[in-house]
Number of protein chains: 2
Amino acid sequence: MHNHIRVLREDKKISQGKLAELCRVSRQTINAIENNKYDPSLQLAFDIAKNLDTTIDWLFLPKGGN
Amino acid sequence: MHNHIRVLREDKKISQGKLAELCRVSRQTINAIENNKYDPSLQLAFDIAKNLDTTIDWLFLPKGGN
DNA sequence: CGAATGTGTCAAACATGTTTTACATATTTA
DNA sequence: TAAATATGTAAAACATGTTTGACACATTCG
């Protein structure tokens with residue numbers, strides 16, 4: 001699963017730590033997701049999308065196409 | 001997290017077992033998700049949405065609004 | 001330069017999602 | 001009515017996601 005978090009986050013000029021705080025998760029979690037270490041939970045995916053003013057369907061590109 | 005899986009699945013007249021097979025997970029997984037025992041992984045959420053011809057953002061209603 | 005901020009990473013512990021096997025009960029259909 | 005199909009549920013094992021604390025390195029800013 002690929003995602004567009006980093007670009008959008010940098011567009012909004014907020015740090016991984018700030019996004020983590022907005023989503024109420026640790027900074028390591030955001031970092032791991034941006035670097036494709038693992039996928040976020042569905043709830044966290046919604047939180048990230050919301051805080052980056054977009055939708056899950058736009059932010060994430062599932063394996064196997066959608 | 002609430003979801004509209006059951007209605008959509010019944011609209012398409014497929015069983016939990018059939019949807020499970022299409023999504024390549026066990027029937028118990030689909031059953032647990034329909035009955036809000038836990039949320040699917042992000043990848044599985046995409047697979048379910050795809051097989052029900054809809055989007056994650058339409059299918060799932062995250063806790064805390066979106 | 002030195003301090004502060006941002007990013008990458010690691011390990012251990014803990015939380016959540018998924019499979020398998022199994023059984024009970026209901027609903028449909030031959 | 002009997003057989004087949006569909007659903008709910010449970011426990012154990014296993015896989016994945018998340019936290020905490022820690023450290024390294026780079027970049028920015030006073």
Side-chain angles (χ1 to χ4, degrees):
Chain A
M1 175 106 57
H2 182 253
N3 71 73
H4 296 305
I5 298 177
R6 179 153 299 164
V7 234
L8 242 62
R9 180 177 59 77
E10 290 177 343
D11 275 1
K12 302 200 75 176
K13 300 200 194 318
I14 67 181
S15 66
Q16 293 183 345
K18 183 61 181 173
L19 179 56
E21 175 185 295
L22 290 169
C23 296
R24 298 184 162 103
V25 291
S26 69
R27 176 181 68 84
Q28 287 85 336
T29 294
I30 297 295
N31 183 79
I33 294 166
E34 280 195 5
N35 290 295
N36 291 293
K37 295 299 195 315
Y38 49 73
D39 296 334
S41 65
L42 183 53
Q43 179 65 55
L44 178 51
F46 269 112
D47 291 343
I48 295 173
K50 177 174 186 173
N51 284 294
L52 293 180
D53 299 309
T54 186
T55 63
I56 288 192
D57 291 292
W58 193 92
L59 243 202
F60 297 90
L61 288 89
K63 204 186 160 195
N66 72 338
Chain B
M1 173 106 57
H2 182 253
N3 72 73
H4 296 303
I5 298 177
R6 179 154 297 163
V7 235
L8 243 61
R9 179 178 59 77
E10 289 177 344
D11 275 1
K12 301 201 75 176
K13 300 199 195 317
I14 66 181
S15 65
Q16 293 182 345
K18 184 59 182 174
L19 179 55
E21 175 184 296
L22 290 169
C23 296
R24 299 184 164 101
V25 292
S26 69
R27 175 181 69 83
Q28 286 82 338
T29 294
I30 297 295
N31 183 79
I33 294 164
E34 280 195 5
N35 290 295
N36 291 293
K37 295 298 195 316
Y38 50 74
D39 296 333
S41 66
L42 183 53
Q43 179 65 55
L44 178 51
F46 269 111
D47 291 343
I48 295 173
K50 177 175 186 173
N51 284 295
L52 293 180
D53 299 309
T54 185
T55 62
I56 288 191
D57 292 291
W58 193 93
L59 243 202
F60 297 91
L61 288 89
K63 203 186 161 196
N66 72 340

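Every chain is numbered from 1 and lettered A, B, ... according to where its sequence line falls, protein lines coming before strand lines. All values below were derived from every heavy atom in this structure, side-chain atoms included, with hydrogens, water molecules and symmetry-related copies excluded.
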**Message:** Can you see if the side chain of A:T29 gets near the phosphate of D:dT18 - specifically, an N or O under 4.0 Å from OP1 or OP2?
**Reply:** no
**Message:** Is there a side-chain contact between A:K37 and the phosphate of C:dT9, meaning an N or O under 4.0 Å from OP1 or OP2?
**Reply:** yes
**Request:** Could you please name the option among C:dT19, C:dT18, D:dT18 that lies closest to any side-chain atom of B:L44?
**Result:** C:dT18
**Request:** Carefully, step by step, assess B:S41 and A:D39 under the rule side-chain contact (heavy atoms from CB on, under 4.5 Å).
**Result:** CA-CA 8 Å; B:S41 66; A:D39 296 334; over 6 Å; no
**Asked** When rounded to the nearest 0.5 angstrom, what is the spacing between CD1 in A:I56 and CD1 in A:I48?
**Response** 9.0 Å
**Message:** Using the rule given for side-chain contact (heavy atoms from CB on, under 4.5 Å), can you reason through B:R6 versus B:N35, listing the C-alpha separation, both sets of side-chain angles and the distance that settles it, and then say yes or no?
**Reply:** CA-CA 9 Å; B:R6 179 154 297 163; B:N35 290 295; 3.6 Å; yes
**Request:** Looking at every strand, decide which applies to A:S41 at a 4.0 Å heavy-atom threshold: base, sugar-phosphate, or nothing.
**Result:** sugar-phosphate
**Fill in**
The reported gap from CG in A:L61 to NE2 in A:H4 (rounded to nearest 0.5 angstrom) is 4.5 Å
**Prompt:** Rounded to the nearest Å, what distance is computed from the NZ atom of residue A:K63 to the P atom of nucleotide D:dT16?
**Reply:** 11 Å
**Asked** Rounded to whole angstrom units, what separation is found between the CG atom of B:D39 and the P atom of D:dA15?
**Response** 22 Å
**Asked** Tell me: CD1 of A:I33 to C1' of D:dT19, nearest whole Å?
**Response** 13 Å
**Item:** Interatomic distance where CZ belongs to B:R24 and C1' belongs to C:dT20 [whole Å]
**Value:** 19 Å
**Request:** In whole angstrom, give the distance that lies between atom CG of B:N36 and atom P of D:dT9.
**Result:** 12 Å
**Side chain of A:Q28 - closest among C:dC10, C:dG17, D:dT18** = C:dC10
**Item:** Integer-rounded Å distance: C:dT19 P and B:Q43 CD
**Value:** 13 Å
**Item:** Integer-rounded Å distance: D:dG8 P and B:I30 CD1
**Value:** 12 Å
**Message:** What's the separation between atom CD in B:Q43 and atom CZ in B:R24, rounded to the nearest 0.5 Å?
**Reply:** 10.5 Å
Expected rows: protein N/O vs nucleotides 5-7 of chain D N/O, under 3.5 Å:
| unit_1 | atom_1 | unit_2 | atom_2 | d |
| --- | --- | --- | --- | --- |
| D:dT7 | OP1 | B:R9 | NH1 | 3.1 |
| D:dT7 | OP2 | B:Q16 | N | 2.8 |

**Prompt:** Given the rule in the side-chain contact (heavy atoms from CB on, under 4.5 Å) test, do B:L19 and B:I5 qualify, once you have shown the distances and angles that lead to the verdict?
**Reply:** CA-CA 10 Å; B:L19 179 55; B:I5 298 177; 4.1 Å; yes
**Prompt:** What's the OH-C1' distance between A:Y38 and C:dG17, to the nearest Å?
**Reply:** 15 Å
**Message:** To the closest 0.5 Å, what do you measure between NZ (A:K18) and SG (A:C23)?
**Reply:** 11.0 Å
